[in-house]
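Keep in mind the model is a prediction, meaning the values are calculated, not measured.
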Amino acid sequence: MRPEPLRPLGYQQRLDQAFRQALMKAANHYLQQRGDHRFADSQFYLKSILLMSCCLGCYAAALWLNSTWAFFVFYPLFICFALLLAINLVHDASHNAIFKQAKANRWLNFWVTIPLGLDPECWRVRHIIFHHAHTNIRHYDLDIEENFVLRQTPHQRWYPFMRAQHLYWPLVAALTFPALIWLFDWLDRFHFTRVAPHMRHQGQRGIMAFLLAKLLHIVVAIVIPFYALADKHIDLGTLLLIYLLSQMLASLVFVVLILGTHWAKATFYTPPEQGNMPHGFYHHTFSTTYDWHTTPRWLTYWLGGLNLHLTHHLFPNWNHRHYPALALIIEDTAKQFSMDYHCISSKELFSYQQRFLKEMGQGKK
């Protein structure tokens with residue numbers, strides 16, 4: 001049974017129009033001073049080539065080094081570098097922030113997501129159309145959809161076992177990628193969720209592209225390793241276990257980077273029965289999203305700037321190489337308009353997350 005579509009939901013844009021104009025003016029001035037553009041540059045391409053080389057190198061080492069232990073070390077590293085590729089390339093390409101041509105971004109996404117296994121089109125719709133446009137809004141943001149295991153908002157049902165969710169949430173986060181790859185991608189593509197109607201290609205063309213991507217992932221991640229490792233006495237069960245554990249590790253890292261900032265802010269909304277949200281988009285973003293800084297700071301570069309998450313939500317179509325500079329622009333502009341911006345530490349982020357999950361686990365509204 002196909003779910004009913006949600007009614008369109010927007011914001012009162014006039015309420016923060018002045019802030020938006022000032023912010024865009026400052027950002028465009030930053031580009032003009034540098035003689036730059038919002039897309040990728042040569043340094044970004046070099047980083048991408050390095051990550052691709054590391055990913056392929058670990059894959060080759062896992063399969064063809066004459067050691068059983070090489071597989072147990074390099075196969076998880078292969079998946080971890082596949083995650084870094086997704087964070088640094090797929091995320092930006094989904095927002096058309098690498099190449100000026102949208103088609104080039106789509107082709108890049110198709111091939112780069114094969115090692116990790118996520119369907120790029122399903123993820124694009126979930127991330128951009130639902131999450132970005134409706135962050136922390138009940139029924140609209142699929143990242144906080146009720147799952148009956150983790151209570152993520154005060155509007156969701158509570159069960160006694162959730163008192164321990166601040167302890168077991170890493171396991172749920174780790175299972176997110178396997179669930180997306182082997183369950184929700186399929187539900188999305190075959191119209192069991194609200195995602196499919198928003199996909200770029202419908203009908204047979206979309207299904208064939210989806211099945212091809214999944215088949216290529218199975219071949220790369222399971223079939224080729226199974227035959228290449230036959231002489232090392234690594235059976236299919238062991239291979240599948242290492243595959244699952246590697247995906248879980250990648251999933252945990254990604255969920256902490258993306259969803260954790262919204263948990264930490266701990267502001268959630270229910271949509272009005274009629275009309276748009278009672279506030280502007282920029283007010284909404286500041287109330288639901290944090291920027292946080294990594295320790296050491298250089299990790300921001302290799303994490304694709306995802307820790308500067310409020311910055312990303314305000315400038316989603318800008319390549320992440322600009323995020324550190326844009327964060328400073330946001331901070332300065334926010335002071336002019338008395339808007340609450342501050343970049344917290346990773347320690348504070350984790351502390352806020354734990355406090356929020358404990359409160360939700362106690363059934364608090």
Side-chain angles (χ1 to χ4, degrees), residues 30 38-58 73-74 76-95 97-98 112-113 115-116 118 123 127 131 143 169-170 173-174 176-177 245-265 285 289-316 318-331 341-354 356:
Y30 153 77
R38 65 178 177 86
F39 301 99
D41 63 357
S42 57
Q43 187 174 356
F44 176 91
Y45 296 138
L46 288 174
K47 177 172 73 167
S48 302
I49 291 171
L50 176 60
L51 290 174
M52 288 179 185
S53 300
C54 290
C55 185
L56 294 174
C58 288
V73 172
F74 285 104
L77 285 175
F78 155 64
I79 297 295
C80 286
F81 276 111
L83 171 67
L84 285 176
L85 282 171
I87 288 173
N88 284 274
L89 276 75
V90 175
H91 193 227
D92 275 11
S94 296
H95 289 280
I98 296 181
V112 172
T113 52
L116 199 58
L118 290 172
W123 188 81
H127 180 66
H131 173 65
D143 283 356
W169 78 264
T176 299
F177 271 10
L245 293 175
S246 301
Q247 291 281 2
M248 290 173 66
L249 175 61
S251 178
L252 176 60
V253 172
F254 189 75
V255 170
V256 168
L257 286 175
I258 284 210
L259 195 57
T261 61
H262 304 300
W263 284 349
K265 202 68 173 183
T285 302
T289 314
Y290 267 125
D291 274 354
W292 58 280
H293 58 79
T294 58
T295 304
R297 294 295 180 98
W298 56 261
L299 277 176
T300 296
Y301 179 73
W302 295 102
L303 293 177
L306 285 190
N307 55 294
L308 298 176
H309 208 59
L310 182 144
T311 300
H312 167 63
H313 271 253
L314 295 183
F315 291 92
W318 288 52
N319 189 270
H320 70 257
R321 66 187 178 92
H322 294 297
Y323 288 178
L326 290 173
L328 295 177
I329 291 172
I330 293 169
E331 182 178 18
Y341 173 86
H342 60 284
C343 187
I344 63 176
S345 68
S346 54
K347 183 178 179 180
E348 288 175 305
L349 177 74
F350 182 76
S351 175
Y352 293 164
Q353 287 177 11
Q354 288 296 98
F356 166 71

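- For the pair Thr285 (side chain) and His313 (backbone), a donor-acceptor distance under 3.5 Å is absent.
- Separation of atoms CG (Leu84) and CD1 (Ile79) is listed at 12.0 Å; rounding is to 0.5 Å.
- Between the CD atom of Gln247 and the OG1 atom of Thr176 there is a distance of 11.5 Å, given to the nearest 0.5 Å.
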Margin query: Show, in sequence, the C-alpha distance, side-chain angles and deciding distance for Cys343 and Glu331, and conclude whether the side-chain contact (heavy atoms from CB on, under 4.5 Å) test is met.
Written below: CA-CA 9 Å; Cys343 187; Glu331 182 178 18; over 6 Å; no
Per-pair distances, 0.1 Å, donor-acceptor, side chain in residues 50-58, under 3.5 Å, sequence neighbours excluded:
residue, atom, partner, partner atom, Å
Ser53, OG, Ile49, O, 2.8

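- In this structure, the side chains of Leu308 and Pro324 come closer than 4.5 Å at one or more pairs of heavy atoms.
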Next item on the list: Apply side-chain contact (heavy atoms from CB on, under 4.5 Å) to Trp169 and Trp263, showing your working.
Entry: CA-CA 12 Å; Trp169 78 264; Trp263 284 349; 3.6 Å; yes
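- Rounded to the nearest 0.5 Å, atoms OH (Tyr323) and CG (Leu314) are 10.0 Å apart.
- Side-chain polar atoms of Thr261 and Thr289 form no donor-acceptor pair below 3.5 angstrom.
- Contact of the Leu310 side chain with the Trp292 side chain is not registered, since no non-hydrogen atoms from C-beta on lie closer than 4.5 Å.
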Next item on the list: I would like to know whether His309 and Tyr290 meet side chain to side chain donor-acceptor pair (under 3.5 Å); could you show each step before the answer?
Entry: CA-CA 6 Å; His309 208 59; Tyr290 267 125; over 6 Å; no
Next item on the list: For Asn307 and Thr300, run side chain to side chain donor-acceptor pair (under 3.5 Å): C-alpha distance rounded to whole Å, both residues' side-chain angles, the deciding distance at 0.1 Å, then the answer.
Entry: CA-CA 7 Å; Asn307 55 294; Thr300 296; 3.2 Å; yes
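- Rounding to the nearest 0.5 angstrom, the gap separating the CH2 atom in Trp318 from the OH atom in Tyr30 is 7.0 Å.
- Taking each heavy atom of Ala82 and Pro115 in turn, the nearest pair found is CB-CB, 3.8 Å.
- At least one donor-acceptor pair under 3.5 Å links the side chain of Asn88 to the backbone N or O of Trp302.
- Gln353 places none of its side-chain heavy atoms less than 4.5 Å from the side chain of His262.
- Identified under the salt bridge (charged side-chain N to carboxylate O under 4.0 Å, His left out) test for residues 41-53, with sequence neighbours left out: Asp41-Arg321.
- Phe177 has its side chain within reach of Leu116: a pair of non-hydrogen atoms, C-beta onward, lies under 4.5 Å apart.
- Contact annotation: the side chain of Phe39 never approaches that of Asp92 to less than 4.5 Å [non-hydrogen atoms, C-beta and beyond].
- Put simply, the side chain of Ser94 reaches to within 4.5 Å of the side chain of Trp123, judged on heavy atoms.
- Atoms SG and CG, on Cys80 and Leu249 in that order, are 4.5 Å from each other to the nearest 0.5 Å.
- Of all the heavy atoms in Ser251 and Ala173, the pair that sits closest is OG-O, 2.5 Å.
- Without hydrogens or angle criteria, Gln354 side chain to Ser351 main chain gives no donor-acceptor distance under 3.5 Å.
- Between Leu349 atom CG and Thr294 atom OG1 the span is 11.5 Å, to the nearest 0.5 Å.
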Margin query: Pair Asp291, Tyr341 - check side chain to side chain donor-acceptor pair (under 3.5 Å), show working.
Written below: CA-CA 8 Å; Asp291 274 354; Tyr341 173 86; 2.8 Å; yes
Checklist line | Phe44 vs His320, ring pair (Phe, Tyr, Trp, His ring centres under 6.0 Å): CA-CA, chis, key distance, verdict | finding: CA-CA 9 Å; Phe44 176 91; His320 70 257; 5.5 Å; yes
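- The shortest non-hydrogen separation linking His127 to His131 is O-CB, 3.2 Å.
- Residues Ile344 and His342 are in side-chain contact: their nearest non-hydrogen atoms beyond the backbone lie under 4.5 Å apart.
- At a threshold of 4.5 Å between non-hydrogen side-chain atoms, the residues Ile330 and Phe315 count as touching.
- Residues that satisfy the side chain to side chain contact (heavy atoms under 4.5 Å, CB included) test with Tyr45, not counting sequence neighbours, are Ala40, Ile98, Phe99.
- Between His91 and His312, the angle of the ring planes lies from 30° to 60°, which puts this pair in the tilted group.
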